S.K.: 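Okay, handing you the structure first.
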Amino acid sequence: RMSGMGADITERKNRENALVFLTELGHEFSRALTTDDVIRAAGEKVAAFLGVGACCVMSIDEDRDEARMDYGWALERTPRLPGVVRISDFMTDELRGAARTGSTVVVDNAQTDPRLNPRAYSALGIGSYLFQPVLRDGAWKHVVALCDSRPREWRAHEIALCRELS
């Protein structure tokens with residue numbers, strides 16, 4: 001007879017892999033010459049590591065109700081995100097309130113999440129996403145977003161990695 005105790009170590013291994021990835025990404029950053037080089041390398045590597053279709057950094061201008069694409073990386077099969085979008089076309093006031101606090105926003109299904117306008121996401125080919133708002137002087141100024149074309153249950157290590165990238 002054998003007896004023992006089993007443990008699911010998947011999430012721990014995922015966290016360890018993410019830490020190794022961040023270390024390697026840091027080494028890549030040290031070789032980059034410009035901010036654009038850093039962002040380009042990060043977008044492509046993060047998207048490949050997590051298996052997502054797009055990674056982007058956007059500037060937020062709440063007074064104008066605009067999110068402006070600063071940098072976007074997407075797989076060839078992924079629709080290109082527009083340069084400027086109206087924030088209110090994509091999310092409710094509730095979700096904007098969460099972003100203003102710096103809370104990570106996790107959307108597993110852009111078609112069924114009541115905080116979103118599903119038509120806006122469908123038009124862009126976005127099925128799920130997570131984004132980390134970046135606050136400056138207490139105001140929501142930027143966002144780092146990871147997008148997938150399909151609904152996806154974002155895992156804890158993916159959410160933590162998005163936070164670290166911001």
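Hydrogens, waters and symmetry mates are skipped; everything else that's a heavy atom, side chains included, is used. For clarity, every value in this text was computed on a predicted model and none was experimentally measured.
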S.K.: Taking Phe131 as the fixed residue, which of Thr104, Val143, Val106 is the one that meets the side-chain contact (heavy atoms from CB on, under 4.5 Å) rule?
M.R.: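 The passing option is Val143.
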S.K.: Do Ile87 and Ile60 have side chains that get closer than 4.5 Å, going by heavy atoms?
M.R.: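 In contact.
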S.K.: Are any non-hydrogen side-chain atoms of Ser128 and Asn109 less than 4.5 angstrom apart?
M.R.: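 No, every pair of side-chain atoms sits at 4.5 Å or beyond.
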S.K.: Within the 4.5 Å heavy-atom criterion, are Gln132 and Glu164 side-chain neighbours or not?
M.R.: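 No; the side chains remain at least 4.5 Å from each other.
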S.K.: Are the side chain of Gln111 and the backbone N or O of Pro118 linked by a donor-acceptor pair below 3.5 Å?
M.R.: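 Yes; at least one donor-acceptor contact below 3.5 Å.
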S.K.: Looking only at non-hydrogen atoms, find the nearest pair between Ser103 and Thr101 and report the distance.
M.R.: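 Looking at all heavy atoms of both residues, the shortest contact is OG-OG1, 2.8 Å.
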S.K.: Closest approach of Leu50 and Arg152, non-hydrogen atoms and distance?
M.R.: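 Heavy-atom minimum between the residues: O-NH2, 2.8 Å.
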S.K.: Do Phe90 and Leu95 have side-chain heavy atoms sitting under 4.5 Å apart?
M.R.: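 The answer is no, as the side chains (C-beta and beyond) never meet within the 4.5 Å cut-off.
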S.K.: What's the verdict on side chain to side chain contact (heavy atoms under 4.5 Å, CB included) for Arg68 and Val85, showing C-alpha distance, side-chain angles and the deciding distance?
M.R.: CA-CA 7 Å; Arg68 179 175 304 280; Val85 297; over 6 Å; no
S.K.: Answer yes or no: is there a side-chain heavy-atom contact under 4.5 Å between Arg115 and Val107?
M.R.: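 Arg115 reaches Val107 side chain to side chain.
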S.K.: Heavy-atom distance under 4.5 Å between the side chains of Leu130 and Ile159, does that happen here?
M.R.: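 Answer yes - side chains close enough.
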S.K.: Provide the closest heavy-atom pair for Cys162 versus Val144 in the form atom of the first, atom of the second, distance.
M.R.: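 Between these two residues, the closest heavy atoms are SG-O, 3.8 Å.
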S.K.: Any salt bridge linking Lys141 with Glu62? Criterion: basic side-chain nitrogen under 4.0 Å from a carboxylate oxygen.
M.R.: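 No, no charged N to carboxylate O under 4.0 Å.
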S.K.: Taking Asp89's backbone N and O only, do any of them form a donor-acceptor pair with Asn117's side chain (distance below 3.5 Å, no angle check)?
M.R.: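 Confirmed, Asn117 side chain pairs with Asp89 backbone.
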S.K.: Ion pair present between Arg96 and Asp65, side-chain N to carboxylate O less than 4.0 angstrom?
M.R.: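 Salt bridge flag = yes for Asp65 with Arg96.
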S.K.: Is the shortest side-chain heavy-atom distance between Arg136 and His142 below 4.5 Å?
M.R.: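 Of all side-chain heavy-atom pairs linking His142 with Arg136, at least one is under 4.5 Å.
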S.K.: Can you tell me how far the CG atom of Leu161 sits from the CZ atom of Arg155, to the nearest 0.5 Å?
M.R.: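 With rounding to 0.5 Å, CG (Leu161) is 11.5 Å from CZ (Arg155).
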S.K.: Which of parallel (below 30°), tilted (30 to 60°) and perpendicular (above 60°) describes Tyr121 and Tyr129?
M.R.: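 It falls in the parallel class, under 30°.
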S.K.: Find out whether Asp108 and Trp154 are in side-chain contact, i.e. whether some heavy atom of one side chain is under 4.5 Å from a heavy atom of the other.
M.R.: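 Yes - at least one pair of side-chain heavy atoms lies under 4.5 Å apart.
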S.K.: Do you know which two heavy atoms are closest between Ala99 and Pro133, and how far apart they sit?
M.R.: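 Looking at all heavy atoms of both residues, the closest pair is O-CB, 3.3 Å.
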